[in-house]
Protein chains: 2
Amino acid sequence: MWMYYTTMNEKAPSTSRDEALRSIQRELTAFARRARSRATELHPDLSLVAFSMLDLMTERGGCRGADLAAYFMLDKSTVSRQAGALEKLGYLVRETDPDDHRGQILRPSPAGLKAMREAHEQRRIAFLDRLADWDDADIAQLAAYLERYNSAV
Amino acid sequence: MWMYYTTMNEKAPSTSRDEALRSIQRELTAFARRARSRATELHPDLSLVAFSMLDLMTERGGCRGADLAAYFMLDKSTVSRQAGALEKLGYLVRETDPDDHRGQILRPSPAGLKAMREAHEQRRIAFLDRLADWDDADIAQLAAYLERYNSAV
DNA sequence: CACATAGGTTGTATTTACCAACCTATCTCT
DNA sequence: AGAGATAGGTTGGTAAATACAACCTATGTG
């Protein structure tokens, strides 16, 4: 089966590549949805965003709210409130940035680190379960694809 | 360098499989973090969830609200309200399921299809950019992996 | 020294989604 | 056939997340 395409403006025909692209979009979206709904199970106190914030702070050895906002594409007010909640939980400590007294350096407290590690472990368990019947090679390949995909930011 | 593992409860040593699992976690989460912020750009009328709902309806040639709720792990009330909004926009039509009069079959209207295609095109542009240098085979493989991953509910 | 700017906080409104209660149609078991 | 039990869907109430705007303070720059 084939068709004519008469102008430059018409969409390309639906190829298998397009089908696959569409599928990738849909599946990634479904994943995002589910990740959000499962986030509660990670740790009773940590939303997905709060968890990710702690994660980035840890990875960078402390960072400013503005960094978090930029990284996660969140408004600074949102970060401020999330940070406030984490502080109230005793999960993070702030110190004035010695180099620039406008800013603060945010770090996980020991309790915050502990909670974050627990959430990590929970998540690892869930993933293991889901990928239990996958070959090592397939898992490695999927990981490689995702890294490649995300690195193209 | 090597270590002893003395009890069944200790974590397994870091194998390549574990490395890959950790990577998949991180990369999928990185995607989930940012998906939300990109959602607004898709279409003035369509939230990410609304768009995804239309997409799945289309893919399946019409489906019930319960299917959508299950697929996206959303509460049925959420689906009901999103469907109501889409209907008010003239983007979807409902018909009573002839096989089971409790349910409804939801389908995009022509306008809904149009809006969805526009949103899809927006997203496709972004994806194309990212996946421009991928082989068709790799894209198809990634799609297959994601489908497999998501179907393991 | 005056003004523009960056990091953060707070007020306000919107969106999103969950839970619970409820309705109707269907199914199952006797 | 009749009596629950159950599934799909709607509506009311509510909580959380987030964006936007206004504002404060510290910093940088002419």
Side-chain angles (χ1 to χ4, degrees), chain A residues 29-30 32-54 57 60 62-89 92-107, chain B residues 32-53 56-57 60 62-89 92-107:
Chain A
T29 302
R33 268 293 326 145
R34 292 169 179 168
R36 193 185 175 289
S37 79
R38 273 197 315 269
T40 328
E41 303 163 22
L42 287 181
H43 188 103
D45 292 338
L46 294 180
S47 70
L48 183 61
V49 169
F51 167 73
S52 304
M53 281 172 55
L54 285 177
M57 286 176 221
R60 299 204 176 166
C63 66
R64 293 171 312 162
D67 298 334
L68 294 168
Y71 190 79
F72 298 120
M73 299 191 226
L74 287 167
D75 191 80
K76 57 186 178 171
S77 65
T78 302
V79 171
S80 172
R81 287 184 164 106
Q82 291 281 347
L86 285 172
E87 188 180 31
K88 191 171 286 178
L89 285 165
L92 84 76
V93 291
R94 324 160 98 115
E95 72 193 60
T96 307
D97 186 339
D99 297 335
D100 183 341
H101 287 205
R102 289 173 302 186
Q104 309 165 356
I105 309 285
L106 308 177
R107 298 174 196 287
Chain B
R33 284 164 181 161
R34 299 165 204 220
R36 205 194 118 75
S37 70
R38 280 196 307 267
T40 328
E41 305 162 17
L42 288 179
H43 187 103
D45 291 338
L46 295 179
S47 69
L48 181 62
V49 170
F51 167 73
S52 306
M53 282 171 54
L56 191 66
M57 284 174 220
R60 299 202 176 167
C63 67
R64 295 169 312 162
D67 299 334
L68 295 168
Y71 191 81
F72 295 115
M73 291 181 94
L74 286 165
D75 192 79
K76 57 184 179 172
S77 64
T78 301
V79 171
S80 172
R81 287 185 165 106
Q82 291 282 346
L86 285 172
E87 190 179 29
K88 191 171 287 180
L89 285 166
L92 83 76
V93 291
R94 325 160 98 114
E95 70 192 62
T96 307
D97 186 340
D99 296 336
D100 184 341
H101 287 205
R102 289 172 302 187
Q104 309 165 355
I105 309 284
L106 307 177
R107 298 174 195 287

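Every chain is numbered from 1 and lettered A, B, ... according to where its sequence line falls, protein lines coming before strand lines.
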For DNA chain D, the residues among residues 66-76 of chain A that have a non-hydrogen atom under 4.0 Å from it: A:Met73, A:Leu74, A:Asp75
Straight-line distance of B:Asp45 CG to B:Leu89 CG, nearest 0.5 Å: 5.0 Å
Point-to-point distance, once rounded to the nearest 0.5 Å, from CE of A:Met53 to CG of A:Leu86: 5.5 Å
Presence of A:Arg81 side-chain N/O under 4.0 Å of C:dG11 phosphate oxygens OP1/OP2: no
Heavy-atom side-chain contact between B:Phe72 and B:Leu56 under 4.5 Å: yes
Length of the line joining A:Leu92:CG and C:dG8:C1', which is rounded to integer Å: 14 Å
For atom CE of A:Met53 and atom C1' of C:dG8, their distance in whole Å: 13 Å
Atom pair distance, as rounded to whole Å: CD in A:Glu87 and P in C:dT9: 9 Å
Validation row: B:Ile105, B:Arg64 side chains within 4.5 angstrom (heavy atoms): yes
Euclidean distance, atom NZ of residue B:Lys88 to atom P of D:dT11 [Å, nearest integer]: 10 Å
A:Leu92 CG to A:Arg107 CZ distance, which is reported to the nearest 0.5 Å: 11.0 Å
Under-4.0 Å side-chain N/O to phosphate OP1/OP2 contact, A:Ser80 with C:dG8: no
Interatomic distance, A:Leu48 CG vs D:dA16 P [rounded to whole Å]: 17 Å
Every protein N/O within reach of nucleotides 23-29 of chain C N/O, cut-off under 3.5 Å:
from: C:dT26; atom 1: OP1; to: B:His101; atom 2: N; distance (Å): 2.9

N/O (side chain, A:Arg94) to phosphate O (OP1/OP2, C:dG7) under 4.0 Å: no
Of the listed nucleotides D:dG8, C:dG8, D:dA21, the one nearest the side chain of A:Ser77: D:dA21
A:Arg34 (side chain) donor-acceptor with B:Tyr71 (main chain) under 3.5 angstrom: yes
B:Gln82 vs C:dT15: side-chain N/O to OP1/OP2 distance below 4.0 Å: no
Separation of A:Leu74 CG from A:Leu68 CG (nearest 0.5 Å): 8.5 Å
CG-CG distance between A:Leu106 and A:Asp67, expressed to the nearest 0.5 angstrom: 9.0 Å
5' precedence on DNA chain C between A:Gly65 and A:Arg33 (nearest-nucleotide basis): A:Gly65
Touch class at under 4.0 angstrom, heavy-atom based, for B:Val49 against every strand present: sugar-phosphate
For residues 75-85 of chain B, please give each side-chain donor-acceptor pair under 3.5 Å, one per line with the distance, not counting sequence neighbours.
from: B:Asp75; atom 1: OD2; to: B:Ser77; atom 2: N; distance (Å): 2.9
from: B:Asp75; atom 1: OD2; to: B:Ser77; atom 2: OG; distance (Å): 2.5

Position toward the 5' end of DNA chain D (nearest nucleotide), A:Thr78 or B:Gln104: B:Gln104
